[in-house]
Amino acid sequence: MALITKAPRGTQDFVPAESAKMRYIEGVLMKIAEKYGFGEIRTPSFEHTELFVRSVGDTTDVVQKEMYTFEDKKGRSITLKPEGTAGAVRAAMEHGLLAEALPLKLSYITPCFRYEKAQAGRYREFHQFGVELLGAQSSAADAEVIGLVNQCLTTLGVESIRLFINSIGCPNCRPGYQKALREYYQAHYDDLCPTCKDRLERNPLRLLDCKEEKCHALAEHAPVILDYLCEECQQHFDTLKARLDSMGIPYEVDPYIVRGLDYYTKTVFEFKTETIGAQGTVCGGGRYDGLVEMLGGQKQPAVGFGMGLERLALVMEACGALLPEQPRCDICLVPLGEKASVYCSALIQRLREEGFAAESDLMGRSLKAQLKYANKIAARYTMVIGDAELEAGSARLKDMDSGAEAEVAFARLAAELTSREADRLCQGIAQTGPDVAGLLKE
RNA sequence: GUGGGUAUAGCGUAGUUGGUUAACGCGUCAGUUUGUGGCACUGAAGAUCGUGGGUUCGAAUCCCACUAUCCACCCCA
């Protein structure tokens, strides 16, 4: 019942060790997006509820039962964003970004909120890395976006993750397919599970996704959307496959991929893994040519994806992807006595101004305890400074890995160290060189 | 929303025919002679045994409820 010491259900804290991983992952992702020409867009954590109803679709589970919706004090209906696309597109339209030179390329990392029962890889607050490419109708845009994901995964050392693609057609050809699908399932109506009976009217595409044994068996002989694509959609899909082939990106066509958000058209894709439990979709996306128009703008083709950072981190852990080593503390000053402590306050400030990662005692610990602490934080060097050192104006810099020591005039560190000398000391520290004293001599 | 598992120090665990001061490892802190770390040894701090009820002379242990958490369905990133 001690609620105040527990984060709300489905949320999680990122303690320093965890948040360091996330920062690394986010850095890699955004860096690659930048190379692909995507500029970061930051949009609010909440939007008018209507935005999501219109874009994500009012028959979808996300909108019907998973949104954090509330009224603000003036009675407006507000919703915490359940995904990233709607907000990014809204902002692009609001600021006239689509009137500039196209294509418009936007990227973001944002928290998302969905009221679902938490389980492995599924949280009520999670973080999405996403990209939106607006204005380009060519399958080259689809290929570029998929290529971006592919490069992100490769760079992060992710394995055991596969790409599945499909086309769900466009407003021209999808109705014909839905009709065929309804007719097929109608003939087997009695064999359907209750939820599927319900889905048959609302969104027949979903039936293909059902895992109930009977429904799943039926799906195997159901009409396949790919047989119903109009010429334009077919060509789009064919050229996309050709591009992925030429890019050397492996993929599998999965005619059963049905995305849960209404705005998708033509290309849909998922990057899935089986290594992190039931929630194995790490990245999902596709083309949404109708969205801008749905939001009241001029029709504008677009393609994008969302990638779950928590799931990504889980996959990386599962496949043993290497994370970069944490930068270690360069030097730990060890003052003995009040006088030295005061002096070290100044010295350490100087060292930090020069760019060193420097630590000193804040706990009033003994010499031995301070050195143990230095060891614990993996300090590369220590320097004990007591009355004798203050008197002499120099102390021994000790290499904590080798145990080697070198006499250094620390007064110079504090007061006279030029930035050039600091650079050299930095280099020396970086190289684990034992002859640190030499580095400071002209 | 539906099902199943779990709940003992910061972390990981032990602890059933119910029985005196709840154990162990890691971690934290201190010490092993006074100004030099890692190893080892010694010691200390730290647990309302998830919460609330019930059974009993006596409950971490048995029963009920609640809560949290995990896994799966569902859905999706």
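Here is how names work: the chains are called A, B, and so on, in the same order as the sequence lines, proteins then strands, and each is numbered from 1. Atoms considered below: every heavy atom in the structure, side chains included; atoms not considered: hydrogens, waters and symmetry mates.
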Going by modelled atom types, is there a donor-acceptor pair between the base of [N] and the side chain of [X] at under 3.5 Å?
X: A:Lys398; N: B:G37; value: yes
X: A:Arg122; N: B:C71; value: no
X: A:Glu389; N: B:G35; value: yes
X: A:Arg365; N: B:C29; value: no

Starting at CG of A:Leu163 and ending at P of B:A77, how long is that distance when rounded to a whole Å?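 Checked: the CG to P distance equals 15 Å.
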
Within this structure, what is the CD-to-P distance between A:Glu116 and B:C74, rounded to whole angstrom?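 Checked: the CD to P distance equals 13 Å.
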
May I ask you to check whether A:Phe113 and A:Phe46 place their ring centres under 6.0 Å from each other?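 Judged by ring-centre distance (under 6.0 Å), A:Phe46 and A:Phe113 do not meet the cut-off.
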
Do any N or O atoms from the side chain of A:Asp254 and from the backbone of A:Ile165 form a donor-acceptor pair under 3.5 angstrom?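 Checked: no pair found.
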
Dot-bracket, 5' to 3', for RNA chain B please: Watson-Crick or G-U pairs under 3.5 Å, [ ] where pairs cross earlier ones, | where the partner sits on another strand, dots elsewhere. (((((((..((((.....[...)))).(((((.......))))).....(((((..]....))))))))))))....

Which residue pairs pass the salt bridge (Lys or Arg N to Asp or Glu O under 4.0 Å) test with at least one member in residues 106-120 of chain A, sequence neighbours excluded?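 Applying salt bridge (Lys or Arg N to Asp or Glu O under 4.0 Å) to every pair that reaches into residues 106-120 of chain A, excluding sequence neighbours, yields A:Glu116-A:Arg122.
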
Show every side chain to side chain donor-acceptor pair (under 3.5 Å) that has at least one partner inside residues 27-44 of chain A, sequence neighbours left out.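 Passing the test, one end in residues 27-44 of chain A: A:Tyr36-A:Gln151, A:Glu40-A:Arg42, A:Thr43-A:Lys81.
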
Taking side chain to side chain donor-acceptor pair (under 3.5 Å) as the cut-off, I'd like each qualifying pair that reaches into residues 155-165 of chain A, sequence neighbours left out, listed once.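 Checked against side chain to side chain donor-acceptor pair (under 3.5 Å) - neighbours excluded - the pairs reaching residues 155-165 of chain A are A:Arg162-A:Glu252.
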
When rounded to the nearest Å, what value does the distance between P atoms of B:G19 and B:C41 take?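 Rounded to whole Å, the distance is 33 Å.
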
Go through residues 264-286 of chain A and report each residue with a non-hydrogen atom lying under 4.0 Å from RNA chain B, sorted by number.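 When residues 264-286 of chain A is checked for heavy atoms under 4.0 Å from RNA chain B, the hits, listed by number, are A:Gly277, A:Ala278, A:Gln279, A:Thr281, A:Val282, A:Cys283, A:Gly284.
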
Is A:Gln119 close enough to B:C71 that one of its side-chain N or O atoms is under 4.0 Å from OP1 or OP2 there?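 So the side-chain polar atoms of A:Gln119 never come under 4.0 Å of the phosphate oxygens OP1 or OP2 of B:C71.
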
Holding to ring pair (Phe, Tyr, Trp, His ring centres under 6.0 Å), I want the full list of residues that pass it with A:Phe70, two or more places apart in sequence or in another chain.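 Per chain and number, A:Phe70 pairs via ring pair (Phe, Tyr, Trp, His ring centres under 6.0 Å) with no residue.
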
Pairing residues for A:Tyr288 by the ring pair (Phe, Tyr, Trp, His ring centres under 6.0 Å) criterion, not counting sequence neighbours: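 Scan of A:Tyr288 (ring pair (Phe, Tyr, Trp, His ring centres under 6.0 Å), adjacent residues dropped) gives A:Tyr263.
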
Within the sub-3.5 Å range, which N or O atoms of nucleotides 2-4 of chain B have a protein N or O partner, and how far apart are they?
{"unit_1": "B:U2", "atom_1": "O4", "unit_2": "A:Lys117", "atom_2": "NZ", "d": "3.0"}

For [X], which residues count as a side chain to side chain contact (heavy atoms under 4.5 Å, CB included) partner, sequence neighbours excluded?
X: A:Ser19; answer: A:Phe14, A:Arg23
X: A:Ala313; answer: A:Met22, A:Ile25
X: A:Tyr115; answer: A:Tyr68, A:Arg124
X: A:Arg396; answer: A:Glu405, A:Glu407

